[in-house]
Amino acid sequence: MSKKSPFKQNNAPQYQNSTMPSFLVSCYLMLMFSFFPYFLTDEYAHARTDKYYLYLVLSILLIVSVVIASVMDYMEERRVHRATLRFMPLSPADVSFLCFYGFAAISTLLSDNTEAAFFGIFSNNGLYLGGRNNGLLLMTFYLLVYLIITRRYAVKEYIIAVFLVFSSGVAFLAIVNYFYIDVLGIYTGYVDLWKLFAGEQCKPTVVLDFGSTLGNKNLISAFMCLFLPVAVMSLVLGSKRWLRIIGGVTSVFAYCGMLCADSLSGILGLIVILAVMAIFASREYRTMKRYLLALTVMFASGKLLRIFSAIMDDRSKGFEFVQQSLIYGKKVYFLIAVCAVLYLLMQVFEKKLEPRYPKKAVMITLIVLSAGGLAAGLFAFVYFSFINTEAQLSETLSGLLRFDENWGTHRGYYWIKSMDEYKNFSFVHKLFGTGPDSVYVVMEPYFPEMVVKFDEGSTDCVHNEFLNYFISQGILGLISYLALLGTVTVRALRRAKENPVVLIFLSAVICYAVQSVVNLYQPITTPLFFLFLTITEAINRLTPLKKAS
């Protein structure tokens, strides 16, 4: 395996790495990876809007400054070399993103409430009703930032380190908050704000699902699905020892933070990404060895969390079944031992084993096992949900494998009812949806029934990002979004041999996309997801494919 840093791409087009625009992009990314996750004004009360406006401000500064710097560069180059204006060709990912945005724009124009679809907020006489700000305006900035970064990005190792270090702080706060340690006084402040609007009858339990500086457990889990893959893959693929060390240390915080998020969306992302990262790591002996070390560190850190829980007299918010097993279960010690022994064997006998390492056989085996596990899980879900609906299942298995209106904390209800509404859409609305972030309007007829069934008066999302796009932006919007994810992923996999660093960012994209099947989009973690998607495509552009001999 070559020891040459995969971060240096000397054969990349020079105009992509013009000094000032690239420097501005790096500054923007550092702010988004450090300051953005922590920014709050009134505790959790305005977490969504705080980060929404911060993202818009930072993105506007990026766009304006890069445009000015690029114009100045062009004018200087034209003065000295008589250069002509050059435009980079559109990649398949560019086309997919432009289609996704174009269909969102058409959806906005066809919406019954164009203003609400543009801003992603539905209100009545100034009273907020629903929406997560994920309207056309936010998508406009997703696109503009994408176009700038994919053309002006220069890979810098310190940007990854900044993300890992500051994300560890976010995870630390999530962990201590889960054990009722309010380091920043956020819970107290939030209860005081709630009492201001709801009166002295406010119950402290109103904040039990909130933690760190992000919001509720679903958002914390979504963030950890970006953080954990980057930490682990930095340990596995990092070309510099200091980056691998940072990756190893921060993976402890990422794993414990994911467990303390206590959301099954994170566990879904974790299960899939562990298999994906194993396949990525199997490409080389040394990376496979480091992956086993990463697994050892991760599973062992769960036991450190168990010790911390004991110190706190096990006074926590309570864990779901899977998280409970990973923290308190004794079988995890066996996993730790197996991973540790395999790592030590590969380390001690490296000189003898590395030349004989059958990387293709290992990769194919892992792919077959992962595909088989996925197929088995899907079959069990379909079988117990639609074929043998009378089979007796435990409460935990029933909650996972039997799909009905109560499945997944009412997600089954949202999915079923939203699809019932979609069937009644006009042909045009089936193509383009009812407008970005307009699920509130689609689900409004079911609000009275929801009060009776779930004691919940409304919802503005169906807790499935793909279904949300399908309902609000139609079949064309969903297809273009899937095309964007697919083209970026395929292009990254094709370039992974020449530039392994792309797998660090791609892992985060995959993990987040998987958890989003049961989660929601919003301006807290979704902008970070689009940044990782954008960086992945930027590295794709910086990495030319080798021509077949």
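All residue numbers in this chain count up from 1 along the given sequence.
In terms of the side-chain contact (heavy atoms from CB on, under 4.5 Å) criterion, residue partners of T250 (sequence neighbours excluded) are, by chain and number, L164, S168, F227, A231, I246. For D94, the salt bridge (Lys or Arg N to Asp or Glu O under 4.0 Å) partners at least two apart in sequence or on another chain are R151, R541. Annotation: side-chain hydrogen bond (donor to acceptor under 3.5 Å, both in side chains) contacts of Y38 (sequence neighbours excluded): none. Every residue meeting the side-chain contact (heavy atoms from CB on, under 4.5 Å) condition with A278, not counting sequence neighbours, appears here in chain and number order: Y291, L366.
Aromatic pair Y413/F454: centroids less than 6.0 angstrom apart. Ring-centre distance between F35 and F39: below the 6.0 Å cut-off. Taking the six-membered ring for Trp, Y469 and F466 have ring centres at least 6.0 Å apart. Residues Y142 and Y55 place their aromatic rings such that the two centres sit under 6.0 Å apart.
At a threshold of 4.5 Å between non-hydrogen side-chain atoms, the residues I160 and S234 count as touching. At a threshold of 4.5 Å between non-hydrogen side-chain atoms, the residues N464 and R411 do not count as touching.
Within the structure, side-chain hydrogen bond (donor to acceptor under 3.5 Å, both in side chains) pairs that include any residue of residues 434-445 comprise T434-S438 (at least two apart or interchain). Screening residues 258-276 for side-chain hydrogen bond (donor to acceptor under 3.5 Å, both in side chains), with sequence neighbours left out, gives Y178-D262, N218-S263, S221-S265, S263-S265, S265-N519.
Within a 6.0 Å sphere centred on CZ of F172, other residues, nucleotides and ligands contribute 12 heavy atoms or fewer.
The ring pair (Phe, Tyr, Trp, His ring centres under 6.0 Å) test with F532 singles out one residue from F33, F223, Y146, Y512, and that residue is F33.
Remark: E449 engages K453 in a salt bridge, criterion side-chain N to carboxylate O under 4.0 Å.
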